[in-house]
Undergrad: 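Just dropping this structure here.
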Amino acid sequence: MQHRLKGLKPNDLEAVRAAPLFRRMPEPAMDKLLASASVMAVPRFGTLFFQDELADRFFLLLNGSVKLSRLTADGEEAVVSLVEPGQVFAEADMFSSARYPLSAEAVEPTRVLVFTAEEFFRCMRADPEVAFRVVEALSQRIRGFVQQIEHLHVRSSPQRVASFLLNLCPEAGKDVHFELPFEKSLIARRLGMQPETFSRALAKLRKIGVETHGAAVFVANTAKLKEFCASDDGGAGRSWKQ
């Protein structure tokens with residue numbers, strides 16, 4: 001795959017090809033998509049698109065992070081997802097009402113690769129294999145949303161926080177250190193809870209060796225954290241093994 005897209009770095013290509021949507025995309029289609037794509041730099045709090053705006057493009061996050069949210073009927077912001085580097089987003093919105101159901105805002109200085117809906121549909125019509133890749137990627141996304149719903153409705157607040165932290169752990173083992181990628185208030189909204197509930201959940205996780213100091217996180221034992229995530233006692237208190 002060769003191209004001369006302005007602003008696209010060599011390691012960006014690796015991120016493109018690693019994304020589920022593009023992992024097995026036919027080379028001719030991938031070249032055409034990249035030829036019509038563009039790299040966009042977005043400052044912190046910059047908006048990529050607004051809820052109900054025409055969905056004429058989709059994105060792959062190269063660097064930074066993006067918040068996908070929706071305004072509820074009472075005007076409250078509901079954070080639906082936090083996009084991380086290497087992830088494609090807003091591609092499904094082009095197939096339904098052709099309107100974005102969410103708004104996208106950069107949480108920090110961000111770079112995205114922007115693909116046009118026009119060229120994407122042209123590639124789908126020219127090569128049915130592209131359509132299969134879309135179905136495959138969207139199926140993975142649906143499975144992810146099913147897991148997300150399970151976490152929100154079945155797991156306790158401490159378990160939801162524990163699962164989020166476990167996914168951030170750079171490695172399994174003991175004495176693991178890492179930094180939270182987002183502000184705690186944003187993580188709380190992503191997990192479907194108030195900031196004070198998030199703080200209480202973190203306090204309960206101290207009993208299983210999780211300490212936080214600002215954005216710094218220390219996990220004494222990832223195996224114990226994983227065990228807690230799968231336990232029936234989600235309160236991290238009454239019967240949890242010390």
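Computed from a prediction, not measured in an experiment: that's the story for all the values here.
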Undergrad: Counting C-beta onward and ignoring hydrogens, is there a side-chain heavy-atom pair between V217 and L168 closer than 4.5 Å?
TA: no

Undergrad: Can you check whether F89 and F58 have ring centres sitting under 6.0 Å from each other?
TA: no

Undergrad: Using every non-hydrogen atom in the two residues, find where A104 and V66 come nearest and quote the distance to one decimal.
TA: CB-CG1, 4.0 Å

Undergrad: Apply side-chain contact (heavy atoms from CB on, under 4.5 Å) to residues S103 and T47 and explain how you reach the verdict.
TA: CA-CA 8 Å; S103 294; T47 300; 5.5 Å; no

Undergrad: To the nearest 0.5 Å, what is the distance between NZ on K226 and OG1 on T222?
TA: 8.5 Å

Undergrad: Identify the heavy atoms of C229 and L166 that sit nearest to each other, and give their distance.
TA: SG-CD2, 4.3 Å

Undergrad: Checking salt bridge (charged side-chain N to carboxylate O under 4.0 Å, His left out) for the pair E196/R200: CA distance, chi angles, key distance, verdict?
TA: CA-CA 6 Å; E196 54 269 25; R200 287 195 295 269; 5.9 Å; no

Undergrad: Please report the C-alpha distance between L60 and L62 in whole Å, then the side-chain angles of each, then the deciding distance to 0.1 Å, and finally whether the side-chain contact (heavy atoms from CB on, under 4.5 Å) criterion is met.
TA: CA-CA 6 Å; L60 183 144; L62 297 172; 3.6 Å; yes

Undergrad: I'd like to check V219 versus H177 (side-chain heavy atoms, cut-off strictly below 4.5 Å). Are they in contact?
TA: no

Undergrad: Calculate, to the nearest 0.5 Å, the distance between atoms OG and CZ belonging to S38 and R57 respectively.
TA: 9.5 Å

Undergrad: Can you tell whether the side chains of K32 and E118 come within less than 4.0 Å, N to carboxylate O?
TA: no

Undergrad: With the side chain counted from C-beta on, respond yes when D93 and R99 share a heavy-atom pair under 4.5 Å apart, and no when they do not.
TA: no

Undergrad: Tell me, with the steps shown, if R23 and R17 meet side-chain contact (heavy atoms from CB on, under 4.5 Å).
TA: CA-CA 5 Å; R23 193 172 298 150; R17 268 307 188 187; over 6 Å; no

Undergrad: For the residue pair Q51 and P101, what are the closest heavy atoms and their distance?
TA: CG-O, 3.5 Å

Undergrad: Check whether any side-chain heavy atom of V176 lies under 4.5 Å from a side-chain heavy atom of E171, and answer yes or no.
TA: yes

Undergrad: When you check the side-chain N and O atoms of S69 and E77, is any donor under 3.5 Å from an acceptor?
TA: yes

Undergrad: Taking it one step at a time, do R70 and E105 satisfy salt bridge (charged side-chain N to carboxylate O under 4.0 Å, His left out)?
TA: CA-CA 11 Å; R70 181 175 176 82; E105 178 185 288; over 6 Å; no

Undergrad: Salt bridge (charged side-chain N to carboxylate O under 4.0 Å, His left out) for K224 and E227? Distances and angles first, verdict last.
TA: CA-CA 5 Å; K224 194 169 185 178; E227 185 181 354; over 6 Å; no

Undergrad: Check whether any side-chain heavy atom of L54 lies under 4.5 Å from a side-chain heavy atom of F49, and answer yes or no.
TA: no

Undergrad: How far apart are the C-alpha atoms of R24 and E136, what are their side-chain angles, what is the distance that settles it, and do they pass the salt bridge (charged side-chain N to carboxylate O under 4.0 Å, His left out) test?
TA: CA-CA 10 Å; R24 294 164 58 195; E136 183 179 54; 2.8 Å; yes

Undergrad: Is there a donor in the side chain of R190 and an acceptor in the side chain of S81, or the other way round, less than 3.5 Å apart?
TA: no

Undergrad: Check the pair F121, F95 against ring-ring contact (aromatic ring centres under 6.0 Å, His included), reporting the backbone distance first and the verdict last.
TA: CA-CA 10 Å; F121 289 142; F95 294 95; 5.5 Å; yes

Undergrad: Would F218 and V210 satisfy side-chain contact (heavy atoms from CB on, under 4.5 Å), going step by step from the backbone distance to the final call?
TA: CA-CA 6 Å; F218 167 78; V210 177; over 6 Å; no

Undergrad: Is any side-chain heavy atom of K67 less than 4.5 Å from a side-chain heavy atom of V107?
TA: yes

Undergrad: Do Y100 and D56 make a side-chain contact, defined as non-hydrogen atoms from C-beta onward lying under 4.5 Å apart?
TA: yes

Undergrad: Please examine the side chains of M30 and V16, heavy atoms only from C-beta on, and report whether any two atoms are closer than 4.5 Å.
TA: yes

Undergrad: Check for a donor-acceptor pair, side chain of E14 on one end and backbone N or O of N11 on the other, with a separation under 3.5 Å.
TA: no

Undergrad: Can you tell me how far CG of L34 sits from CG of L13, rounded to the nearest 0.5 angstrom?
TA: 7.0 Å

Undergrad: Which of these, V79, L82, V80, sits in a side-chain contact (heavy atoms from CB on, under 4.5 Å) with R189?
TA: V79

Undergrad: About how many Å separate CZ of F228 and OG of S156, when rounded to the nearest 0.5 Å?
TA: 5.0 Å

Undergrad: May I have the list of side-chain donor-acceptor pairs in residues 109-117 shorter than 3.5 Å, sequence neighbours left out?
TA:
unit_1, atom_1, unit_2, atom_2, d
T110, OG1, S65, N, 3.4
T110, OG1, S65, O, 3.3
T110, OG1, E108, O, 2.6
R111, NH1, N63, OD1, 2.2
R111, NH2, G7, O, 2.9
R111, NH2, D12, OD2, 2.7
T116, OG1, E119, N, 3.3

Undergrad: Please find the pair of heavy atoms, one from L191 and one from F198, that lie closest to each other, and give the distance.
TA: CD1-CE1, 4.2 Å

Undergrad: Taking all non-hydrogen atoms of both residues into account, name the closest pair between P158 and L205 and its distance.
TA: O-CD2, 3.8 Å

Undergrad: If I compare all heavy atoms of R160 with all of G192, which pair ends up nearest, and what's the gap?
TA: NH1-O, 3.5 Å

